[in-house]
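Read through the structure below, which is laid out as structure tokens, and then see the notes.
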Amino acid sequence: MVGSIGIGDLGRILIILDTCILRGKAQDSSDMDLLRTISKSGTERVAVPWVVLEERVAQHAIEHMELHQRATSALQALERKTHWKPVVQLQVHDPEGVRDYWRKEYCSFLDVISTSESVLREAVFREANLLKPARLDKKTKTGARDAAAWLSAIEYAREHPEEKVYFVSSNTGDFGDGTSYESPMREDLEGLEGRFIHLTSLNQVLTQFTKKVETKEEWLSKAFAHEATRRLLQAQLSTRDGGRAFNDGFEVTAFRGSLGSGPYSAWATRWIAAPVATFESLSGFEAYEIGEKKWYTASVRWLLSGLAFVDRDGRPTFAPVSCWWDTRVLASTGPQLVVVRGGRPERLTPGDLESFQDKAPNMDAVVRPIEEEGDLEALIAQIEIPGQHSTFLEELRGRLLASSEAKARQEAQGQ
């Protein structure tokens, strides 16, 4: 989560988005990817007022609630026509869970500026008195949230005179087209001339702050296949947020021995440590200059290999596993790598297994992260659970015991 902006970490330029900008673009659109690129580059900061964040989150939550209600009605109709127990069960609707998901999603690349009490009071006052940007919609007064978003941006600009603020809204009916304003919006802008710029589309932002440049697929493929890139991805997967795609379990191809030996399909509950990532392919790549750096966005497929907890014959056990992971990534020289989106992991196909040994990392590379990150004593204890023993697990247990003892000796020598 990028979080709220404080005075100590401000940038020279702040881009503030209105709700309609977020609502007008799909999360996986190229424009939103580029907006994430601007934000992650650190050259300019991208933010939303608190009221905008909550309005957009509420829109997602209401849409989800309506879809859930329709799904519930459809399942109830199915039950009435089914004379045996239906196999489909719908999860209990969790509106706060939906809201929490979308807050985290937006705050992963957007800062949040406060919507103060004084702004909220003024926004309600303007709606009650039909003062711009509030208005009368048929016979209903509306616009308090629009006013709160506008006034939050105005207040931020006044409190931070060292910054230039770009307010971005395609709602020209309420906010105007950025060339002239009705009262009291005209008075809101007094003293902010040259520091408060009103843009009316996301495309204007992208044109203003980015420049598309050429890049070669061969060069970019080599960059993603580089060891430094692999380590950057592995570091992200070791964090809770970086591994979100795997939090609810995932499909894998598991192996009865080392990687490639005795494959079978399985459901993994979690990685024991961050998996080893092997670059497979890329597509849909673009390059941009933002400030003085080049940034690249691409759809990249990785082969992930590691040790995971899997269900086997109804009981949990360790196993070496591999799976495909399709991602949308953001990268730059430096190097820097950010997974913008990650799909659901997929198990390997029989065709994949034919060439798997040429791609799979060796077991040393797979076990090493466990020795570096894992709670060795806890893992060893779990391996000792009756019924889990196998040649591979015995060898793993022996290796972890040796690592645990070596760590203990190092700690004793350091005291």
Looking only at side-chain N and O atoms, does [Y] offer a donor or acceptor that is under 3.5 Å from a partner on [X]?
{"X": "W50", "Y": "S152", "result": "no"}
{"X": "H64", "Y": "Y101", "result": "no"}
{"X": "E44", "Y": "Y166", "result": "no"}
{"X": "S169", "Y": "N171", "result": "no"}
{"X": "S116", "Y": "E155", "result": "yes"}
{"X": "E217", "Y": "S221", "result": "no"}
{"X": "Q59", "Y": "R56", "result": "yes"}
{"X": "Q336", "Y": "K40", "result": "no"}
{"X": "T142", "Y": "T140", "result": "no"}

So which heavy atom on [X] is nearest to which on [Y], and how close?
{"X": "D174", "Y": "M185", "answer": "O-SD, 3.9 Å"}
{"X": "A268", "Y": "A308", "answer": "CB-CB, 4.2 Å"}
{"X": "C107", "Y": "V112", "answer": "SG-CG2, 3.8 Å"}
{"X": "A298", "Y": "F285", "answer": "CB-CB, 3.8 Å"}
{"X": "L78", "Y": "T82", "answer": "O-OG1, 2.6 Å"}
{"X": "Y288", "Y": "K212", "answer": "CD2-CA, 3.8 Å"}

Check your understanding: Can D31 and S29 be said to form a side chain to side chain donor-acceptor pair (under 3.5 Å), step by step?
Key -> CA-CA 5 Å; D31 282 352; S29 68; 5.7 Å; no
Using side-chain heavy atoms (C-beta onward) and a distance below 4.5 Å, is [X] in contact with [Y]?
{"X": "P320", "Y": "L307", "value": "yes"}
{"X": "T43", "Y": "I38", "value": "no"}
{"X": "I154", "Y": "R158", "value": "yes"}
{"X": "D94", "Y": "E96", "value": "yes"}
{"X": "R328", "Y": "S299", "value": "yes"}
{"X": "E346", "Y": "R301", "value": "yes"}
{"X": "E54", "Y": "R103", "value": "yes"}
{"X": "E251", "Y": "W267", "value": "yes"}

Polar side-chain atom of [X] near backbone of [Y] as donor-acceptor pair, under 3.5 Å:
{"X": "R195", "Y": "A157", "value": "yes"}
{"X": "T207", "Y": "N203", "value": "yes"}
{"X": "R126", "Y": "A148", "value": "no"}
{"X": "T327", "Y": "V300", "value": "yes"}
{"X": "Q234", "Y": "R230", "value": "no"}
{"X": "T115", "Y": "V51", "value": "yes"}
{"X": "S39", "Y": "V46", "value": "no"}
{"X": "D352", "Y": "T349", "value": "yes"}
{"X": "R347", "Y": "T253", "value": "no"}

Could you tell me the separation between the [atom1] atom of [X] and the [atom2] atom of [Y], rounded to the nearest 0.5 Å?
{"X": "E286", "Y": "T37", "atom1": "CD", "atom2": "OG1", "result": "9.0 Å"}
{"X": "T278", "Y": "D358", "atom1": "OG1", "atom2": "CG", "result": "12.0 Å"}
{"X": "I197", "Y": "I15", "atom1": "CD1", "atom2": "CD1", "result": "12.0 Å"}
{"X": "K211", "Y": "L206", "atom1": "NZ", "atom2": "CG", "result": "16.0 Å"}
{"X": "L53", "Y": "D111", "atom1": "CG", "atom2": "CG", "result": "11.5 Å"}
{"X": "L151", "Y": "D146", "atom1": "CG", "atom2": "CG", "result": "10.5 Å"}

Exercise for review: Might you work through the side-chain contact (heavy atoms from CB on, under 4.5 Å) test for D33 and R341, ending with a clear yes or no?
Suggested key: CA-CA 9 Å; D33 281 347; R341 291 187 307 279; 2.7 Å; yes
Review point. Should the pair F224 and W302 be assigned to parallel (<30°), tilted (30 to 60°) or perpendicular (>60°) ring geometry?
Key: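 The arrangement is perpendicular - the two ring planes meet at more than 60°.
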Practice item. Kindly determine whether L14 and I113 satisfy side-chain contact (heavy atoms from CB on, under 4.5 Å), including the steps that lead there. Key: CA-CA 10 Å; L14 184 66; I113 64 172; 4.1 Å; yes
Got a sec: does the [atom1] of [X] have more than 12 other heavy atoms crowding it under 6.0 Å?
{"X": "K293", "atom1": "NZ", "answer": "yes"}
{"X": "Q357", "atom1": "CD", "answer": "yes"}
{"X": "Q91", "atom1": "CD", "answer": "no"}
{"X": "H93", "atom1": "NE2", "answer": "yes"}

Centroid separation [X] to [Y] less than 6.0 Å:
{"X": "F209", "Y": "W295", "result": "no"}
{"X": "F250", "Y": "W271", "result": "yes"}
{"X": "F255", "Y": "F356", "result": "yes"}

Point to revise | Test log, rule side-chain contact (heavy atoms from CB on, under 4.5 Å), inputs L22 and V48 | key: CA-CA 10 Å; L22 297 179; V48 290; 4.0 Å; yes
Review point. Applying the side-chain contact (heavy atoms from CB on, under 4.5 Å) test to T72, which of Q69, H68, R70 qualifies?
Key: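 By the side-chain contact (heavy atoms from CB on, under 4.5 Å) criterion, T72 pairs with just one of Q69, H68, R70: H68.
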Practice item. Test side-chain contact (heavy atoms from CB on, under 4.5 Å) on L233 and V329 and set out the steps. Key: CA-CA 10 Å; L233 180 62; V329 300; 5.9 Å; no
Review point. Applying the ring pair (Phe, Tyr, Trp, His ring centres under 6.0 Å) test to F167, which of Y181, W150, Y156 qualifies?
Key: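 Going through Y181, W150, Y156 one by one, the ring pair (Phe, Tyr, Trp, His ring centres under 6.0 Å) with F167 is satisfied by W150 alone.
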